[in-house]
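All values below were derived from every heavy atom in this structure, side-chain atoms included, with hydrogens, water molecules and symmetry-related copies excluded. Residues take their numbers from the sequence shown, with the count starting at 1.
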Amino acid sequence: MPKHDPEYRNMKNPLAVSAVTEQLSKQVYEHAKEGKFVLTLGGDHSIAIGTISGTAKAIRERLRGRELAVIWVDAHADINTPETSDSGNIHGMPVAFLTGLVKEQRMDIFGWLEKEHLVSVKKLVYIGLRDVDRGEKRMLRENGIKAFSMHDIDKYGIGRVMEMALGHIGNDTPIHLSFDVDGLDPQWAPSTGTPVRGGLTLREGDYIAECVHETGSLIAMDLVCPQSLSSLTLY
């Protein structure tokens with residue numbers, strides 16, 4: 001982007017990431033609308049702009065306007081806006097785009113995201129947070145977003161946290177589980193480019209996935225490893 005353009009100067013590679021996630025969104029949508037479970041592996045968490053928008057659109061069509069719930073397992077909130085981000089990395093911004101908290105006007109820079117692609121902050125739950133920027137904390141607080149940090153998991157135990165998380169979403173709600181491996185402690189998942197100590201144990205990570213699966217409402221999942229260079233979608 002031109003250096004003089006203040007609206008986009010804090011976003012790294014916006015044209016490329018927007019183009020890739022738009023294509024991913026279309027691909028996920030085509031399969032999710034047929035009722036297929038969609039598993040996407042790879043990349044960094046910017047891929048969720050594509051995967052979650054695709055499943056959100058498919059669910060609205062298949063289930064007559066029903067909202068999609070998102071469980072976001074991560075050390076980071078990934079809800080920065082281009083203005084609040086210190087790094088400019090779009091993998092720190094996907095939730096802001098997916099919830100409509102930031103809206104770009106240019107079609108070639110996430111302007112393709114329409115209302116049908118978005119998710120409600122009321123149907124969003126974080127699990128495993130422990131490295132959250134100041135601006136992100138404000139976004140979570142001002143929008144009443146349900147978030148369970150590692151402190152909460154230590155305090156209540158992963159079993160109680162999952163009860164509260166699923167209770168917040170509500171029964172019979174389609175769920176997209178977006179799981180960044182840096183949600184796990186680096187001793188269990190050292191192959192991440194964004195390690196943060198004090199994370200989930202391997203067993204706690206397994207338990208989260210098991211609990212979501214047991215609801216019978218899991219319709220899609222991302223498994224994200226920031227050191228991976230590509231994405232693979234399976235149906």
Side-chain angles (χ1 to χ4, degrees), residues 10-14 17 21 40-49 51-52 70-99 101-102 119 121 124-158 160-162 164-165 168 176-209 211-212 221-229 231:
N10 290 331
M11 298 171 68
K12 294 180 179 177
N13 304 312
V17 179
T21 53
T40 304
L41 311 176
D44 59 48
H45 229 154
S46 64
I47 67 170
I49 298 174
T51 60
I52 292 175
V70 174
I71 296 180
W72 192 277
V73 182
D74 204 323
H76 313 91
D78 294 346
I79 198 170
N80 270 307
T81 68
E83 293 72 29
T84 64
S85 174
D86 291 328
S87 68
N89 291 322
I90 298 176
H91 62 71
M93 308 177 193
V95 180
F97 284 107
L98 287 165
T99 55
L101 294 175
V102 58
V119 296
V121 294
L124 169 65
V125 178
Y126 285 98
I127 298 175
L129 295 182
R130 58 190 183 281
D131 186 14
V132 182
D133 296 338
R134 181 177 300 178
E136 292 180 304
K137 291 179 180 178
R138 184 175 65 252
M139 295 282 276
L140 295 176
R141 182 175 60 254
E142 291 179 352
N143 291 281
I145 297 172
K146 181 66 70 174
F148 296 98
S149 67
M150 286 307 302
H151 173 80
D152 296 316
I153 293 171
D154 291 340
K155 181 177 181 179
Y156 298 109
I158 192 62
R160 178 58 182 145
V161 164
M162 288 308 299
M164 291 188 285
H168 177 77
H176 187 125
L177 175 62
S178 201
F179 199 124
D180 193 325
V181 297
D182 72 20
L184 301 175
D185 190 88
Q187 69 172 309
W188 303 108
S191 62
T192 174
T194 52
V196 184
R197 294 177 60 188
L200 297 163
T201 66
L202 182 61
R203 184 67 198 103
E204 287 171 333
D206 287 344
Y207 186 80
I208 292 169
C211 283
V212 178
M221 179 176 177
D222 311 322
L223 186 59
V224 179
C225 180
Q227 282 194 347
S228 175
L229 299 180
S231 298

| message | With a 4.5 Å cut-off on side-chain heavy atoms, are Thr21 and Phe97 touching? | response | no
| request: Search all heavy atoms of Leu200 against all heavy atoms of Trp188 and return the closest pair with its distance. | output: O-CD1, 3.7 Å
| Pairwise distance CG(Asp182) to CG(Asp74) - rounded to 0.5 angstrom | 4.5 Å
| field | Where Val125 and Ala165 come nearest, the two heavy atoms and their spacing | value | CG1-CB, 3.7 Å
| said: Looking at Pro94, is its backbone amide N or carbonyl O close enough to the side chain of Asp78 to form a donor-acceptor pair, meaning the two atoms are under 3.5 Å apart? | reply: no
| said: If we ignore hydrogens and angles and just use 3.5 Å, is the side chain of Asp44 paired with the main-chain N or O of Ser46 as donor and acceptor? | reply: yes
| field | Beyond-backbone contact of Val102 with Met93, side-chain heavy atoms, under 4.5 angstrom | value | no
| request: Evaluate the side-chain proximity of Leu223 to Val181: yes if any heavy-atom separation is below 4.5 Å, no if none is. | output: yes
| query | What closest approach, in Å, do Ala77 and Leu140 show between heavy atoms, and which atom pair accounts for it? | reply | CB-CD1, 4.4 Å
| message | Given 3.5 Å as the limit, does a donor-acceptor pair link the side chain of Arg130 with the main chain of Gly183, or not? | response | yes
| message | side chain to side chain contact (heavy atoms under 4.5 Å, CB included), that's the test. Do Met139 and Thr81 meet it? Break it down for me. | response | CA-CA 9 Å; Met139 295 282 276; Thr81 68; 3.8 Å; yes
| field | Asn13 side chain reached by Ile90 side chain, heavy atoms, under 4.5 Å | value | no
| Rounded to the nearest 0.5 Å, how far does CD of Glu136 lie from CG of Asp131? | 8.5 Å
| With a 4.5 Å heavy-atom cut-off, do Val119 and Leu124 have their side chains touching? | no
| Where Thr84 and Asn80 come nearest, the two heavy atoms and their spacing | OG1-OD1, 2.7 Å
| request: Would you kindly say whether His76 and Asp133 are connected by a side-chain donor-acceptor distance under 3.5 Å? | output: no
| query | Rounded to the nearest 0.5 Å, how far does CD1 of Ile153 lie from CD of Glu204? | reply | 6.0 Å
| Distance, nearest 0.5 Å, that separates NE2 of His45 from OG1 of Thr51 | 7.0 Å
| Would you say Met162 and Val212 make side-chain contact, with heavy atoms under 4.5 Å? | yes
| Minimum side-chain heavy-atom gap Arg203-Ile158 below 4.5 Å | no
| query | Any sub-3.5 Å donor-acceptor pair from Asn143's side-chain atoms to Ile145's backbone N or O? | reply | no
| task | Can you see which heavy atom on Val161 is nearest to which on Phe148, and at what distance? | result | CG1-CG, 3.7 Å
| field | Point-to-point distance, once rounded to the nearest 0.5 Å, from CE of Met221 to OG1 of Thr40 | value | 10.5 Å
| request: Over all heavy atoms of both residues, which pair between Val132 and Lys137 is shortest? Give the atoms and the distance, please. | output: O-CE, 3.5 Å
| said: In the structure I gave you, are the side-chain heavy atoms of Ile52 and Asp222 within less than 4.5 Å of one another anywhere? | reply: yes
| Pairwise distance OG(Ser87) to NZ(Lys12) - rounded to 0.5 angstrom | 5.5 Å
